[in-house]
There are 2 protein chains.
Amino acid sequence: MAKPPHPDPRRTLTLRDVSEASGVSEMTVSRVLRNRGDVSETTRERVLEAARRLGYVPNKIAGALASQRVNLVGVIIPSLSNMVFPEVMTGISDVLEDTGLQPVVGVTNYLPEREETVIYEMLSWRPSGLILAGLEHSEASQAMLAQAGVPVVEIMDIDGTPVDSAVGISHRRAGRKMAEAIMAAGYRRIAFLGTQMPNDHRAKKRLAGFEEVLAREGLQLADREFYSGGSALLKGREMTAAVLKRTPDVDFLYYSNDMIGAGGLLYCLDQGIDVPGRVGLAGFNGVELLDGLPRRLATMDACRLDIGRLSAEIVSGKRPNGIIGGEIIELSPTLQPGDTIRSA
Amino acid sequence: MAKPPHPDPRRTLTLRDVSEASGVSEMTVSRVLRNRGDVSETTRERVLEAARRLGYVPNKIAGALASQRVNLVGVIIPSLSNMVFPEVMTGISDVLEDTGLQPVVGVTNYLPEREETVIYEMLSWRPSGLILAGLEHSEASQAMLAQAGVPVVEIMDIDGTPVDSAVGISHRRAGRKMAEAIMAAGYRRIAFLGTQMPNDHRAKKRLAGFEEVLAREGLQLADREFYSGGSALLKGREMTAAVLKRTPDVDFLYYSNDMIGAGGLLYCLDQGIDVPGRVGLAGFNGVELLDGLPRRLATMDACRLDIGRLSAEIVSGKRPNGIIGGEIIELSPTLQPGDTIRSA
DNA sequence: CTGAAAGCGCTAACAG
DNA sequence: CTGTTAGCGCTTTCAG
């Protein structure tokens, strides 16, 4: 059997193929395909026609190597199933859309070692910038970020020292603010219900800020309950039941996120517990989901869309003031009292 | 002012830098860093030490160009905020984890033109494979996929003709199955509530299968209501209210997804409507969220985790039987009757 | 407006 | 076990 005439029928098309098919030099083909430099209308047409006919897809690997330019922005987040990160992504995409930059997401599952790997992998593709959640990273991660040579934006949190730029809210302050609102409403026997948070630094900071305010009034948490994994709504119910049983005299339940808060709310309503009279409830995040609940859970908006937008502006060098890097932007979360804190 | 002595202090390290710092040839450095070929323990140590000390991160662009190998798998999905795709992603990641392949996600927002762009961008990075949702694509997209020269797996749906491989469920059959269960339970005045679905082909197929069964019994939908955008839970409430008002004698509400179904369920409970006596309810997807609701909504599990896993197996050439491509795997969604269909 | 030459940083394929 | 030689497919730069 003779071998097929062509070396590898599965090989993808190259600029050369388009060049031969159109009778135009590779260089000019490249120019046409990138809309760079002046090319006569006739040759442009011929090239485009040939490229289209062949179904040519440029090889960005080769292009990036030659031009030392990569139109990718790495986005590193802890989780996709969190409701909060998709919204951040939306903000990022919105802004990057008309910059020629493309977001590439990596997920760490809240694991520092995993984060290290993801950062390493991302950087090995030499992206134009990096956006990543949080200010806490392993030493090795910090070193890589500092060396990256591209804009790095740490998002969500500003309580700490960023490598380069940061966009986020102060979770400590957010915790304080919520505590103050709760105290002002007259609640005194307050329990905290949240994730087991070895690596959820932001939740930890909120709790710290929260307890700070309590301490100032000579109070401390009446109870606390932690969970990990599983359906957040369901967990919220279970934890609420547990706390209410263990510490029957609590008058407020502060949840580390809206999903478990929603579960708690549904549980209380099921049980006929008077909310916010007998117990008040509050969560954190301002997730859209809450809009459909029988009662609006008190929460705090984490400015996710703006965080996404601003971080993308920084990475793409589109800040209005023309600042280059090292920016720290603090956003102010708004308290949404909803219907689960009684009015003072 | 004299220019700085080094060409560009911001340039990233190369193999050559490590080579010089360790006194080992570039080639051997490359071998060490990739764990390829035999290298003496001494030189290995020396290289690793130098690389670590310098903070060298290999340039995958150059590596990929030279080796004609890219350890990336493109995953193209309509949306991230859908609850369903994160789970698919989990399945994919699980399997890819120990293959050296990395998923890269692209989002289309249910827009065919957007999908075309994303496919084009993805392919321009010459990934090792592509996983994408759905069987319906623009002609140009189909052409690119067919030309890609790498495994392409279309997921979620199998009612149609895939370019290469497919893993999913038959949504038409799923719609039929649900209709049969509802009919068997004795409901007859059935309404459909769903997304405005110009591009949600799978929802459309479910509805088609559903209506097929109704028609077989000489019935047709008593009412239908569509929405787009907004908080699904809230929309579910509003739509339910609208249908119940417009067509007071309906006895069943079939929702195109669990989120709006959950909203409908909460509304009915709020209104004191007897579920499933006065009206029955059902959704689609089997989202984890449902576990925390006051009553379990009837739904159908879409096998998302398995879809993710299997598609990743195909792309990475890990199918147990050693099949190469062109596989069509149909999974069977299970009906979860929950508490919102009365027993027959 | 168009082309030719010279790499980008790495790895395959051989020689030692 | 280690080094040398060619490129990978594109873009930059500099001549026409």
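Every chain is numbered from 1, with letters handed out A, B, ... down the list of sequences.
- OP1 or OP2 of D:dT2 lies within a sub-4.0 Å distance of a side-chain N or O belonging to B:Thr43.
- Comparing D:dT11, D:dC10, C:dC10 against the side chain of A:Ala62 picks out D:dC10 as the nearest.
- Each of C:dG9, C:dC14, C:dG3 was ranked by its minimum atom distance to the side chain of A:Leu65; first place goes to C:dG9.
- Side-chain contact check for A:Val73 versus A:Ile131: some heavy-atom pair is nearer than 4.5 Å.
- The side chain of A:Ser40 sits closest to C:dT2 out of D:dC10, C:dT2, D:dC8.
- A sub-4.0 Å separation between OP1 or OP2 of C:dG3 and a side-chain N or O of A:Thr28 is present.
- Among the nucleotides C:dT2, C:dA12, C:dC8, the one closest to any side-chain atom of A:Gln68 is C:dC8.
- At the phosphate of C:dC10, OP1 or OP2 sits under 4.0 Å from a side-chain N or O atom of B:Tyr56.
- Under 4.0 angstrom from either OP1 or OP2 of C:dG3 there lies at least one side-chain N or O belonging to A:Ser25.
- Residues B:Asn59 and B:Thr12 fail the side-chain proximity criterion, which asks for heavy atoms closer than 4.5 Å.
- With D:dT13, C:dA12, D:dC10 as the choices, the nucleotide that has an atom nearest any side-chain atom of A:Met27 turns out to be D:dT13.
- Distance from the side chain of B:Ser30 is smallest to C:dT11 among D:dC10, D:dT11, C:dT11.
- With contacts defined as side-chain heavy-atom distances shorter than 4.5 Å, the pair B:Val32/B:Leu48 qualifies.
- Counting non-hydrogen atoms under 4.0 angstrom, B:Asp38 reaches a base of the nucleic acid.
- Counting only N and O atoms by type, the side chains of A:Glu116 and A:His137 include no donor and acceptor under 3.5 Å apart.
- When distances are taken from the side chain of A:Arg31 to each of C:dG3, C:dG9, C:dT2, the shortest belongs to C:dG3.
- Residue A:Arg69 has its side chain nearest to D:dT12 when only D:dT11, C:dA12, D:dT12 are considered.
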